> 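Structure provided below as structure tokens; questions to follow.
Labels below follow one simple rule: chain letters A, B, ... track the order of the sequence lines, proteins then strands, and each chain is numbered from 1. Keep in mind it's a predicted model, so treat the numbers as computed, not measured.
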There are 2 protein chains.
Amino acid sequence: MLRYTLRQLEYALAVQERGSVARAAAAFGVAQPSVSAAIAKLEEQVGLQLFIRHHAQGVTAAPQGVRFLAEARNLVALAQDLQRETDAAGTAIEGTLAIGSFMTLAPAFAPQIIAGFRAQYPNVKFRFEEGTQEHLFDGLRNGRHDLALLYSVDLPADLDAVSLAHFSPHILLPAHHPLCKRRKIALGELAGEPLVLLDVMPSRTYFLRVLAAAGVTPEIAFSSPSLEVVRGLVGQGLGYSILITRPHGDHAYDGEALAIRDIADETEDGVIVLASLRQMRKTRLAIVFEDYCVRHFEKLKGRS
Amino acid sequence: MLRYTLRQLEYALAVQERGSVARAAAAFGVAQPSVSAAIAKLEEQVGLQLFIRHHAQGVTAAPQGVRFLAEARNLVALAQDLQRETDAAGTAIEGTLAIGSFMTLAPAFAPQIIAGFRAQYPNVKFRFEEGTQEHLFDGLRNGRHDLALLYSVDLPADLDAVSLAHFSPHILLPAHHPLCKRRKIALGELAGEPLVLLDVMPSRTYFLRVLAAAGVTPEIAFSSPSLEVVRGLVGQGLGYSILITRPHGDHAYDGEALAIRDIADETEDGVIVLASLRQMRKTRLAIVFEDYCVRHFEKLKGRS
DNA sequence: GCGGAGCATAGAATAATCCAATACAAAACC
DNA sequence: GGTTTTGTATTGGATTATTCTATGCTCCGC
């Protein structure tokens with residue numbers, strides 16, 4: 001337990017610099033006895049006489065006072081730096097931002113967003129991490145992330161989320177599949193077909209819900225937590241898939257051709273949100289980033 | 001003016017380390033609400049939310065809290081270092097000691113004392129300075145010296161002094177001077193002789209006072225503030241001198257032989273003291289040094 | 001001496017800090 | 001699903017710091 005206070009050190013340093021208790025007090029805008037008492041208490045608590053009192057002509061630091069105050073000066077300077085930084089953290093757009101992203105969203109959106117934001121605010125550093133929905137919830141709750149980019153599916157009540165974009169699910173087919181001839185596909189038509197399911201929460205529950213809403217009980221032939229594996233399996237003709245994320249290009253990793261078709265039914269959209277912990281007071285930087293993301297997705301929408 | 005306190009930072013760091021307000025409070029031996037209130041206030045004052053509260057399972061640092069607390073940790077560590085040092089300064093025998101010495105005493109005593117003390121307390125550093133009596137008074141009063149080695153002549157009332165040694169004055173003559181045949185010389189015998197006066201305060205007044213007490217009004221042929229110059233002038237046969245300091249050996253710098261004779265009269269002794277500013281509370285180190293000096297001079301006396 | 005300069009002290013008001021007790025919310029347990 | 005457990009926030013009251021104004025005290029310079 002520390003026995004002295006930063007206030008006492010500030011006063012003592014000002015006294016040393018000005019050679020006067022009264023002038024130091026004036027510099028801080030406090031009464032002279034406040035400073036007088038503060039240094040008296042400081043001396044008592046560190047057990048050293050810091051100042052020599054010259055009646056009617058101020059004070060000067062004692063030898064041990066000089067040694068003490070030299071180190072105290074470092075301490076106070078460090079404290080002032082910290083204060084300046086926190087002042088900046090409240091208002092300035094700089095510092096570090098810890099962002100989490102749902103795995104399948106990360107490659108599609110994170111690079112653009114981060115690069116665009118850094119172009120505008122070059123002093124901002126990013127810590128970026130991708131993970132499952134649960135991992136992100138956990139990250140927000142224990143302070144690993146400031147904000148997280150994810151789907152608003154099964155969002156816990158302790159999180160806040162600003163909606164960034166709505167995406168409709170689509171059907172992914174092997175290029176040679178008979179249904180490919182249709183521009184739009186009704187979910188009912190998939191009833192007998194084998195499904196390759198993207199098996200990662202919350203995507204899994206979302207896709208199954210969409211199919212169930214159309215009265216389809218899918219026959220799950222394969223499932224994988226990896227988007228690219230799912231696309232590869234579909235490319236190999238092992239079934240269809242229902243997905244939201246649309247990677248650029250219509251080929252799987254192994255080169256097999258894929259076809260993307262809209263769904264004829266009315267479906268529940270997948271909503272991409274930027275989530276944060278409700279009880280968390282956001283920094284100015286976080287607010288600005290949130291705002292940037294909203295505008296970024298608006299621009300994307302206008303373009304398509 | 002700093003808006004947060006070291007106490008708040010200490011509490012916040014302990015909370016972060018233990019992940020719990022209650023355990024942090026226990027570690028400091030204070031009640032849990034004290035810590036709770038302290039971090040609430042700290043958050044208000046720095047304008048950042050530092051912790052995320054998990055009901056029923058403690059708290060964890062928020063992302064901006066992690067960044068803030070990392071720097072706060074430096075600050076508190078520095079503050080603790082400073083406290084440890086001041087604790088040591090009060091009790092331990094280490095640190096720096098600023099010693100002043102009267103010019104003519106310095107070469108005779110300072111090297112031995114400093115070397116002897118450092119042999120016993122190797123962690124003590126010395127800042128050493130020699131000067132005139134006035135310079136030393138000034139140095140004590142404005143904190144340039146912790147202690148000063150000087151003659152207790154015309155000692156101002158605002159100084160304290162512990163007596164180290166009494167030295168009788170002696171007569172210095174050229175080796176071939178007729179009076180050299182005598183073992184002791186009465187001051188009256190010097191009445192007509194030219195005096196080479198060590199002209200530095202307070203030696204000057206002291207020597208003149210000793211002569212005046214014996215009824216001698218000296219004929220001052222030469223004077224110099226340098227002891228070695230005085231000895232040189234006496235060696236050249238330009239007069240006698242009355243001195244206290246007895247350098248080792250009976251030759252001047254230029255090799256001329258000198259003779260030292262006691263004074264037959266009862267004379268006022270020169271008292272060497274270690275002076276300090278009365279209003280100054282001494283450090284433990286200063287007290288130990290003072291004590292060492294007393295014992296050192298006692299040993300010298302026993303040896304002669 | 002006597003006035004001026006400047007720190008220390010006294011006393012009162014205000015603010016911070018502390019404690020004990022309690023309210024409260026989520027989690028865990030049955 | 002309710003009940004207990006765990007851990008933080010709040011409340012109210014006592015203690016202690018900090019601050020103020022006013023005054024005392026001591027040395028300096030004239």
> Under 4.0 angstrom, heavy atoms only, what part of the nucleic acid is Ala22(A) near: base, sugar-phosphate, or nothing?
sugar-phosphate

> Can you list everything that forms a side chain to side chain contact (heavy atoms under 4.5 Å, CB included) with Ala98(B)? Sequence neighbours excluded, please.
Arg127(B), Asp146(B)

> Calculate the interatomic distance between Arg278(A) atom CZ and dA26(C) atom P; express it in whole Å.
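So the two atoms are 11 Å apart, to the nearest Å.
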
> Taking only residues two or more places apart in sequence or in another chain, which ones pass side chain to side chain donor-acceptor pair (under 3.5 Å) with Arg209(B)?
Glu268(B)

> For the aromatic rings, using the six-membered ring if either is Trp, is the centroid distance between Phe51(B) and Phe68(B) under 6.0 Å?
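No; Phe68(B) has its ring centre 6.0 Å or more from that of Phe51(B).
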
> Do any of residues 6-17 of chain B sit with a heavy atom less than 4.0 Å from DNA chain C, and if so which?
Arg7(B), Tyr11(B)

> Please compare Gly29(B) and Gln45(B) by the position of their nearest nucleotide in DNA chain C and report the one closer to 5'.
Gln45(B)

> Would you say Gln8(B) and Gln45(B) are linked by a side-chain donor-acceptor pair, where the criterion is simply a distance under 3.5 Å?
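There is such a pair between these side chains.
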
> Throw together a table of side-chain donor-acceptor distances under 3.5 angstrom for residues 54-63 of chain A, partners on residues two or more places apart or in other chains.
residue	atom	partner	partner atom	Å
His54(A)	NE2	Arg141(B)	O	2.6

> Report the residues that fulfil side chain to side chain contact (heavy atoms under 4.5 Å, CB included) with Leu78(B), sequence neighbours left out, ordered by chain and then residue number.
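Here the qualifying residues are Asn74(A), Leu75(A), Leu78(A).
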
> Atom CG of Leu42(B) and atom C1' of dA16(C): how far apart are they, to the nearest Å?
15 Å

> Just distance, no hydrogens or angles: give the donor-acceptor pairs under 3.5 Å from side chains in residues 27-42 of chain A, sequence neighbours left out.
none

> Is there a residue in residues 139-148 of chain A whose heavy atoms reach under 4.0 Å of DNA chain C, and which residues are they?
none

> Rounded off to whole Å, could you give me the CZ-to-P distance for the Arg18(B) and dG7(D) pair?
14 Å

> Rounded to the nearest angstrom, tell me the gap between atom CZ in Arg3(A) and atom P in dT17(C).
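From Arg3(A) CZ to dT17(C) P: 19 Å.
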
> Could you check how far NZ of Lys41(B) sits from C1' of dT10(D), rounded to whole Å?
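The distance from NZ of Lys41(B) to C1' of dT10(D) comes to 15 Å, rounded to the nearest Å.
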
> Please produce a list of atom pairs where a protein N or O lies less than 3.5 Å from an N or O of nucleotides 27-30 of chain C.
none

> Can you list the residues that meet the side chain to side chain contact (heavy atoms under 4.5 Å, CB included) rule with Glu44(A), with sequence neighbours excluded?
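Side chain to side chain contact (heavy atoms under 4.5 Å, CB included) check on Glu44(A) returns nothing, list empty.
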
> Run the salt-bridge test on Arg23(B) and Glu17(B) with the 4.0 Å N-O cut-off and return the result as yes or no.
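Judged by the 4.0 Å cut-off on N to carboxylate O distance, Arg23(B) and Glu17(B) do not form a salt bridge.
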
> Want to settle it: does Met1(A) or Gly19(A) sit nearer the 5' end of DNA chain C, counting the closest nucleotide to each?
Gly19(A)

> Give me, pair by pair, the N or O atoms of the protein and of nucleotides 8-12 of chain C that are less than 3.5 Å apart, along with how far apart they are.
residue	atom	partner	partner atom	Å
dA8(C)	OP1	Arg53(A)	NE	2.5
dA8(C)	OP1	Arg53(A)	NH2	3.2
dA8(C)	OP2	Ser36(A)	OG	2.5
dA8(C)	N7	Gln32(A)	NE2	3.1
dA8(C)	N6	Gln32(A)	OE1	3.3

> For Arg278(A), which residues count as a side chain to side chain contact (heavy atoms under 4.5 Å, CB included) partner, sequence neighbours excluded?
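Side chain to side chain contact (heavy atoms under 4.5 Å, CB included) list for Arg278(A), sorted by chain: Asp160(A).
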
> Anything under 3.5 Å between a donor and an acceptor, one on a side chain of residues 148-156 of chain A, the other on a protein residue two or more places apart or in another chain? List them.
none

> Strictly under 6.0 Å, is that where the ring centroids of Phe102(B) and Phe109(B) end up?
no

> Which whole-number value in Å describes the distance from Gln279(A) CD to dA26(C) C1'?
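Spelled out: CD on Gln279(A) to C1' on dA26(C) is 11 Å.
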
